Amino acid sequence: MSSKLIKGAMILTLGSVLSKILGLLYVIPLNTLLGKDGVSLYAYAYVPYTIFMSIATAGIPLAVSKIIAKYNSVGQYSVSQRIFKSSFKIMLITGVLSFFAMFATAPFLAEFGSYGKKGLSKEDLTTVIRAVSFALILVPAMSIIRGFFQGHEDMKPTAVSQVVEQIVRIIFLLSGAFVVLKILEGKLVTAVSLATFAATIGAIASMIVLVIYLNKQIPFLKQLAEKDENKIESSMADIQREIFFSSIPFVVVGIAMPLFQFVDNLTFSRAMASIGLDDIVKSAFGILNFNTQKLVVIPMTLATAFSMSLIPALTSSYASGNMEKFRHELDKAFQIVLFITIPAVIGISILAGPIYTVFYGYNPLGTEILAIYAPAAILFAVFSISAAVLQGINMQKMTVLSLSMGLLTKCILNIPLIKTFETAGAVYATTLGYLVACLLNLFFIYYSTDYKYTVVVKRSLLMFIFTAIMAGAVFGAESVLSTVMDPESRWQSILIIVICVSVGVGIYGLLALKSNLAKMLFGRRIHLLREKLNV
């Protein structure tokens, strides 16, 4: 792998991580400003927006980066530039069409969230859904520019634009909501609408950054086109067809979580109202689909980032017929995901009370939902990596099938489980849906490659044993600290988390080093760390 590519990957990862950190931290002041009802409105609007955005882009930006890199590698720079221009126009059109579709269907989408006398207002839901829909005009075209730069192995514009987009969005979101509620003493729905419209402001800022970078590159791009030795006129229709089919795997994985959340959008309010809980439906929905969800996906994101770096090598091994190397890389990918995710989610589950308090304030329901939701992140991570493997071995159709079966499971079980277990029922339905999707993915990998999970299962059992030991120590530490500190205090909860996490990381890390598990997964660097720590 070239040093340029390694540097680019590091820049893009840093930008993505920083963007996600900012996206997590802003929820603390947002929750304080908007309150439970406001957060619920905000969360309800963002789920359909994410789905519409995925449909509008259809994974095309990632596919474009892949196709552009392909044509650049054979010196057809003029072709790659034509691909960019035609794809940009298509994304502008699909963005506008998606905006009109979401804006027009907002009353219909709002209908499902307005059940119960004390539920969310249909008029308010319609307003906030329409407010966020404006971002669809820009986001698809913006994503294509990012894909173009990535196709040229230039990750800096994407990373910078992501961070700028997030910073501008958060500043506009928080300042706008503050002005409306605290200075103008306006309505909550106005503040939430302004907060969701911040996605459009962030997209404008990102687009400006990308256009600046693009203008700087124009002379260089012209030089590349002039040096183009291969002037073969490729059919744009054929190329766009190739891009479309290449984009399908990307969109399937990216849209999985929003689709599961969308099932809650359609059914949660109705199910809660049917059992007489319409008085808490607003706050419960915000806790379910915004507050806890943002915390639960953190370990999944980190684990997947580590493991996904192995996918190119894994795909190459399979394509070349080197099945021994393929199995080795696949073993490592699954193990890294589980090594990071298992202790992280169990730790979150045990420390659900102080963690939820730090971000959103003390709330018994929030603590309960976070505690039972966190373990589901193991399945989220396994689905992500197994779907990526199926893409790498050209079994994309199986990913679509497994996701469909998982969603069907969620749809069938969601209302009955909510009626039985209230808000927790939606979490159980999501967990079971993802379990079905993961099991099918793992079976399809086995069926297609004859890959056996023996090593992964054995190592996973070891990880669970280490996690159980760690969990016992963390639970004990949290129980003792909660008797001398106030778990309802945000600052004291931070102190509880810091101490307990230090205990957990120390014990799990020591066990992983002593057993050579860490060395087997991460290689020589861990061996050097072990020597320095003398363990």
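Note that the structure is predicted; figures quoted are calculated from it, not measured. When reading the values below, keep in mind they use all heavy atoms of this one structure, side chains included, and skip hydrogens, waters and symmetry mates.
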Can a donor-acceptor pair be found, under 3.5 Å and without considering hydrogens, that links the side chain of [X] to the backbone of [Y]?
X: Lys294; Y: Asn289; answer: no
X: Thr94; Y: Met91; answer: yes
X: Ser283; Y: Ile280; answer: yes
X: Asn441; Y: Ser386; answer: no
X: Thr292; Y: Leu370; answer: no
X: Gln166; Y: Gln162; answer: no

Determine, using ring centers only, whether [Y] and [X] are less than 6.0 Å apart.
X: Tyr46; Y: Tyr49; value: yes
X: Phe466; Y: Phe339; value: no
X: Tyr446; Y: Tyr451; value: no

Sub-4.5 Å side-chain heavy-atom contact between [X] and [Y]:
X: Phe380; Y: Val345; value: no
X: Phe52; Y: Ser133; value: no
X: Met272; Y: Thr423; value: yes

**OP:** Output the distance between atom CG (Leu351) and atom OG1 (Thr357), rounded to the nearest 0.5 Å.
**Re:**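 Separation between the atoms: 11.0 Å.
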
Original post:
In chain order, what residues pass the ring pair (Phe, Tyr, Trp, His ring centres under 6.0 Å) check against Tyr428, with sequence neighbours excluded?
Top reply: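 By the ring pair (Phe, Tyr, Trp, His ring centres under 6.0 Å) rule, Tyr428 matches Phe421.
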
Original post:
Between Arg146 and Glu165, does at least one N-O distance fall below 4.0 Å, as a salt bridge requires?
Top reply: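 Counted as a salt bridge, because a side-chain N and a carboxylate O are separated by less than 4.0 Å.
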
Original post:
In terms of side-chain geometry, is the basic nitrogen of Asp264 or Lys410 positioned less than 4.0 Å from the acidic oxygen of its partner?
Top reply: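 Yes, this pair counts.
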
Original post:
Do the ring planes of Phe285 and Tyr44 sit parallel (below 30°), tilted (30 to 60°) or perpendicular (above 60°)?
Top reply: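 Ring orientation of Phe285 relative to Tyr44: tilted.
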
Original post:
Considering all heavy atoms of both residues, which atom of Ala426 and which atom of Ile418 are nearest to each other, and what is their separation?
Top reply: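 In this case the closest contact between Ala426 and Ile418 is N-CG1, 3.7 Å.
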
Subject >> Heavy-atom closest contact (Leu379 atom, Cys438 atom, distance) >> reply: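 Nearest pair, atom of Leu379 first, then Cys438: O-SG, 3.2 Å.
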
Subject >> Over 12 foreign heavy atoms within 6.0 Å of OH, Tyr26 >> reply: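 Count over threshold, so yes.
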
Subject >> Worked verdict on Tyr453 versus Phe443 for ring-ring contact (aromatic ring centres under 6.0 Å, His included) >> reply: CA-CA 10 Å; Tyr453 298 92; Phe443 171 76; over 10 Å; no

